[in-house]
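Report on the structure given below.
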Amino acid sequence: MPNLSNLRSLRRVYKHSLSSFQVRAQNTKIGSLGRAGNLKAARKVFDEMPERDVVSWNAILTAHWQNRDLEGSKRIFDSIPERDILSWNSIITGCIENGEPEQAFEYFASMPERNIASWNAMLCGFLRYGCFDKAEWLFREMPEKNVISYTAMVDGYMRHKEIRKARELFDKMPKRNAVSWAVMVSGYVENDMFDDAKKLFDLMPQKNLLACTAMITGYCKEGMVAYARETFDLIQDKDAVSWNAMLAGYAQNGHCEEALKLHIQMVRAGVRPDHATLISSLTACSSLALLQQGRITHALAIKTMLNSYTPLCNALITMYSKCGSMRDSELVFCGIRCRGLVSYNTIIGAYAQHGNYQNVIASFEEMQQNRIDPDETTFLALLSACCYVGQVKDSLKWFDLMVSKYNLTPQSEHYGCIVDILSRSGELEKASSYIKKISNKAENAAWGSLLGACKTHSNVELGELAANNLLKLDSQSSGAYVMLSNIYASAGMWGAVNKVRRLMREKGVKKLPGYSWLEIGNKVRWFTVGDASHPEMVHIVRELHRVTLHMKLSKEVDVGLELD
DNA sequence: CGAGAGCCAT
């Protein structure tokens, strides 16, 4: 026979657990709304709660800084009735995420007690903002360390190019997990130490998804796409990031059809393409100048609402520009809400490629009005614009501005551009004097521009110098031989021409014909020099004559085109 | 429960 008072207490317990269950459900809701970027909705749930626990307060606190409202978080923090360690940890992480590491440390220092997560959060904060001494100090002071503390520190060293220190600490770690190994492998890859990455990768007891992905990137950086594919095929459960790594590898190494195929295979495998997938596909479309495919990718971006993502817009601008549709590039550029440095660099580069110098300058000025400081890439785009339109004077002016006003250091690419500009305008001596400032990596292209210009401006002496230097770097460079023999030919030095031809035969150097292609309607047409296989060749030649005559009659342009 | 990681734009 149940007694009444027992029943009452049972009911009380039941009622209590029901309400705590409801509170917990609301807390979860605040958390997920906050993460989804809907601070307003999260706030509404919080405000309408009849009772709250400390978890509710922590959830709304986190929701605020996750949506870029750190000040809101601070106010909430101050009004929490009973703070726990997680409230402190959350406000610390919030400060770090929103660019206030000093503020984070103030909270950290005044905490009544800390757990390992507090120490780790602060450690990551210092590492992210490059406060290296403070991070090392904190790492020493930590009462206990776990695999996360060690891994974070190793990663921090790698990101700051302290590779030796990273390895030392990695070797000292009491325990390693999948992330620790991945951090080391990707650290080596990031720092162009492929051999070390490979060695470590081979040492791994179990090759995990993360490390394999890092290794794919490593192989692709070295141009070893086939090995990257082998590693890719090893992965059992491929996720979006690993697909993206392989796809990007193909696109960056010129295997663009393969990249686009992989995009389709990824979808078939049931993995959803994300922004990184679309960006790499767009890169592939740009290289192949596939406008239709590029438009399809643009449509996919709109469908998945990724078209408001600035990096994707920048990729779209490049794609449209390289596919010849500058109008679409402009449309995408105008649609970007927050135009940053990269967006301006991209549109300037696009105008440069199209030889629209006026818009290059206009975009540069607009950029300055928006208080965005140009960087090395901006000036490379400006210089390449000068190159396309033959602005010798302006190019030197930009070069000077870059150094004197913005304190930027010109790189090989900048000097290479100057060499190209001076070469094209016939200032061959000046051009060759700039080549000394160029690193081996870019030297090839610079000698190439000089050599080309020596042909146009009939300079045998410098042409020989350029060709010799080019052949020193690449003895199989067919272009160097052909160009040199052309220089001799136009100077009437037939003996020398024959000598070069003989040398070519002896060394087994073959000139592969260059070819190009363009997309008309839905078809890709490709063509090469001397190709007369087209069924409508007669009409094509007639039309070319008509166009050439038209250009010649127009006094403004001297195209230098000769048709027989 | 929390804190570390791999892919992507000029």
Side-chain angles (χ1 to χ4, degrees), chain A residues 27-28 31 55 58-59 62 84-90 92-93 96 114-125 127-128 145-156 158-159 176-187 189-190 208-218 220 232 235 238-249 251-252 266 273-283 286 306 309-319 321-322 332 336 340-350 352-353 374-382 384 413:
Chain A
N27 292 347
T28 315
V55 182
N58 292 347
T62 307
D84 66 0
I85 275 198
L86 270 73
S87 328
W88 288 90
N89 288 353
S90 175
I92 289 170
T93 313
I96 291 163
R114 307 175 187 94
N115 62 12
I116 190 153
S118 334
W119 286 90
N120 284 344
M122 199 59 236
L123 178 69
C124 295
L127 287 171
R128 189 182 308 177
K145 303 176 182 73
N146 59 11
V147 65
I148 291 177
S149 336
Y150 277 99
T151 308
M153 197 67 206
V154 169
D155 186 48
M158 274 301 193
R159 284 182 201 271
R176 299 178 194 99
N177 62 14
V179 181
S180 330
W181 286 93
V183 159
M184 277 303 291
V185 172
S186 75
V189 167
E190 187 68 27
N208 62 63
L209 172 68
L210 270 67
C212 284
T213 308
M215 208 53 215
I216 291 171
T217 308
C220 291
F232 178 71
I235 305 174
K238 300 178 185 68
D239 67 352
V241 181
S242 50
W243 281 95
N244 292 343
M246 194 62 241
L247 209 153
Q252 286 158 1
M266 178 179 177
D274 61 8
H275 59 111
T277 321
L278 296 191
I279 285 172
S280 294
S281 282
L282 286 171
T283 307
S286 307
L306 287 165
Y309 181 59
T310 307
L312 194 125
C313 294
N314 298 336
L316 280 171
I317 294 171
T318 308
M319 183 276 293
S321 143
K322 294 219 169 143
V332 174
I336 302 178
L341 174 65
V342 181
S343 297
Y344 276 102
N345 287 350
T346 309
I347 196 77
I348 292 173
Q353 208 203 350
D375 70 349
E376 289 86 352
T377 312
T378 319
F379 282 99
L380 197 59
L382 291 168
S384 77
E413 288 86 348

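Just so it is clear, the values below take in all heavy atoms, side chains as well, and ignore hydrogens, waters and symmetry mates. All figures in this text were calculated on a predicted structure; none of them were measured in a lab. Letters go in sequence order (proteins before strands), and every chain restarts at 1.
Distance alone, capped at 3.5 Å, places no donor-acceptor pair between the A/N314 side chain and the A/I317 backbone. Side-chain N or O atoms of A/N120 include none that pairs as donor or acceptor with a backbone N or O of A/L123 at under 3.5 Å. Formation of a donor-acceptor pair under 3.5 Å by the A/S90 side chain with backbone atoms of A/S87 is not found in this model.
Annotation: side chain of A/V147 is not in contact with side chain of A/Y150 (no heavy-atom distance under 4.5 Å).
If you take CG of A/L86 and P of B/dG2, they are 8 Å apart, rounded to a whole angstrom. Straight-line distance from the CG atom of A/L341 to the C1' atom of B/dT10: 8 Å, rounded to whole Å. Nucleotide B/dT10 holds its C1' atom 14 Å from the CZ atom of A/F379, rounded to whole Å. Taking atom CG of A/L316 as the reference point, atom C1' of B/dA9 lies 10 Å away to the nearest angstrom. Distance A/L282 CG to B/dC8 P: 14 Å, rounded to the nearest Å. Across the protein-nucleic acid pair, A/Y309 atom OH and B/dA9 atom P stand 10 Å apart, rounded to whole Å. The separation between A/N244 atom CG and B/dC7 atom P is 10 Å, rounded to whole Å. Regarding A/L312, its CG atom lies at a distance of 11 Å from the P atom of B/dA9, rounded to whole Å.
Here A/A276 lies in heavy-atom contact (under 4.0 Å) with a base. As judged by a 4.0 angstrom heavy-atom cut-off over every strand, A/D155 is placed among residues touching the sugar-phosphate backbone only. Contacts of A/T277 with the nucleic acid, taken as non-hydrogen atoms under 4.0 Å apart, are absent. Counting non-hydrogen atoms under 4.0 angstrom, A/A248 reaches the backbone sugars and phosphates but no base. Using a 4.0 Å heavy-atom criterion, one finds that A/S90 contacts no nucleic acid atom at all. Among the atoms of the strands shown, base atoms are found under 4.0 Å from some heavy atom of A/T213. Looking at heavy-atom distances under 4.0 Å, A/R114 makes no contact with the nucleic acid at all. Residue A/L209 is in base contact, counting any heavy-atom pair closer than 4.0 Å across all strands shown. Looking at heavy-atom distances under 4.0 Å, A/V183 makes contact with sugar-phosphate atoms alone, never a base. Using a 4.0 Å heavy-atom distance criterion, A/S186 is classed as a sugar-phosphate-only contact. Within the nucleic acid shown, A/Q353 has no heavy atom closer than 4.0 Å to any nucleic acid atom.
Looking at the side chain of A/N146, the nearest of the listed nucleotides B/dA9, B/dG4, B/dA3 is B/dA3. Side-chain atoms of A/V179 lie closest to B/dG4 of the nucleotides B/dG4, B/dA3, B/dC7. Of all nucleotides listed (B/dC8, B/dG2, B/dC7), B/dC8 comes nearest to the side chain of A/I279. Checking B/dG4, B/dG6, B/dC8 against every side-chain atom of A/V147, the shortest atom distance belongs to B/dG4. Of the candidates B/dG6, B/dA3, B/dC8, B/dA3 carries the atom nearest the A/I116 side chain, counting heavy atoms from C-beta on. Which of B/dT10, B/dA9, B/dA3 sits closest to the side chain of A/N345 comes down to B/dT10.
Other residues, nucleotides and ligands place no more than 12 heavy atoms under 6.0 Å from the CD atom of A/E190. Within 6.0 Å of the NZ atom in A/K238, the count of heavy atoms belonging to other residues, nucleotides or ligands exceeds 12.
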Stepwise, does the side chain to side chain donor-acceptor pair (under 3.5 Å) test hold for A/T213 with A/S242?
-> CA-CA 5 Å; A/T213 308; A/S242 50; 4.7 Å; no
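Side-chain N/O atoms of A/N177 and base N/O atoms of B/dG4 include a donor-acceptor pair closer than 3.5 Å. You'll find a donor-acceptor pair under 3.5 Å spanning the side chain of A/D239 and the base of B/dG6, going by distance alone.
Side-chain N/O atoms of A/R159 include one lying less than 4.0 angstrom from OP1 or OP2 on B/dG6. Side-chain N/O atoms of A/T93 include one lying less than 4.0 angstrom from OP1 or OP2 on B/dA3.
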